[in-house]
Amino acid sequence: MIVTTANDLPGHRIVRVLGVQRGITVRSRNALADVLGGIQSVFGGKVDAYVKLAESARAEAYDELIEHARAAGANAIIAMRYDANEIMDGITEVLAYGTAVVVEPV
């Protein structure tokens, strides 16, 4: 699966647009991450506990996006984006979305 944030795919021609596809996950922080994150935030800099949580949430949403696009018959996704919203304190929705297309080399 070819995935790009661009609106086209150089060297390829879009032969079919299958529409918007998405992958979503909802994650909550855990008590250990909050304690470690709180300690790290006192000293400043990168808060590894939250970076790992954010990375795994994005990866999960991305994998879901790929799965949905494949199921629709796509071999590429263009205009891929991420979005995140806090549903409630400590619970965040992460969305990966893009346009599923069928492409062929030019």
Side-chain angles (χ1 to χ4, degrees):
M1 179 73 63
I2 302 168
V3 180
T4 182
T5 57
N7 292 326
D8 58 3
L9 196 54
H12 293 80
R13 179 171 57 104
I14 296 172
V15 295
R16 218 165 117 214
V17 176
L18 302 170
V20 174
Q21 294 293 322
R22 52 148 186 67
I24 188 171
T25 189
V26 176
R27 291 291 187 97
S28 65
R29 299 186 313 240
N30 64 45
L32 181 58
D34 282 345
V35 169
L36 293 174
I39 292 169
Q40 286 182 321
S41 69
V42 169
F43 299 104
K46 184 176 173 183
V47 183
D48 290 324
Y50 292 135
V51 169
K52 288 178 185 170
L53 180 63
E55 273 297 323
S56 66
R58 281 185 173 220
E60 191 172 306
Y62 180 87
D63 290 345
E64 287 281 324
L65 168 63
I66 300 298
E67 184 178 316
H68 289 167
R70 268 202 186 104
N75 65 352
I77 299 169
I78 59 172
M80 187 270 175
R81 304 283 187 271
Y82 285 106
D83 192 18
N85 297 295
E86 189 172 45
I87 294 173
M88 60 186 294
D89 190 37
I91 299 179
T92 303
E93 160 201 55
V94 177
L95 173 69
Y97 63 96
T99 303
V101 295
V102 176
V103 298
E104 61 184 28
V106 178

Handout entry: Arg81 atom CZ, over 12 foreign heavy atoms within 6.0 Å
Key = yes
Problem - Met80-Ile66 co-clustered via ILVMFWY side chain contacts under 4.5 Å - result: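 Yes: a chain of side-chain contacts under 4.5 Å links Met80 to Ile66.
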As an exercise, state the distance from [atom1] of [X] to [atom2] of [Y], rounded to the nearest 0.5 Å.
X     : Y     : atom1 : atom2 : value
Ile87 : Glu93 : CD1   : CD    : 5.0 Å
Arg58 : Glu60 : CZ    : CD    : 13.5 Å
Arg22 : Asp83 : CZ    : CG    : 13.5 Å
Asn85 : Thr92 : CG    : OG1   : 8.5 Å

Of the non-hydrogen atoms in [X] and [Y], which two are nearest, and what is the gap between them?
X     : Y      : answer
Leu65 : Gln21  : CD1-O, 3.4 Å
Thr25 : Ala57  : CG2-O, 3.3 Å
Ala74 : Val102 : CA-CG2, 4.3 Å
Leu18 : Ala72  : CD1-O, 3.5 Å
Ser28 : Leu53  : O-CD1, 4.1 Å
His12 : Ile2   : NE2-CD1, 3.9 Å

Exercise for the section: Please lay out, stage by stage, how Ile14 and Leu9 fare under the test side chain to side chain contact (heavy atoms under 4.5 Å, CB included). Expected result: CA-CA 8 Å; Ile14 296 172; Leu9 196 54; 5.8 Å; no
Under a 4.5 Å cut-off applied to non-hydrogen side-chain atoms, are [X] and [Y] in contact?
X     : Y     : result
Ile24 : Tyr97 : no
Ile77 : Met1  : yes
Thr99 : Val17 : yes

Problem - Residue of the set Asn75, Val15, Asp8 for which side-chain contact (heavy atoms from CB on, under 4.5 Å) holds with Val103 - result: Asn75
Problem - Stepwise side chain to side chain contact (heavy atoms under 4.5 Å, CB included) test for Ile78 and Val3 - result: CA-CA 6 Å; Ile78 59 172; Val3 180; over 6 Å; no
Exercise for the section: Return the set of residues passing side chain to side chain donor-acceptor pair (under 3.5 Å) with Ser56 (not counting sequence neighbours), or none when no residue passes. Expected result: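 For Ser56, the residues satisfying side chain to side chain donor-acceptor pair (under 3.5 Å) (neighbours in sequence not counted) are Arg27.
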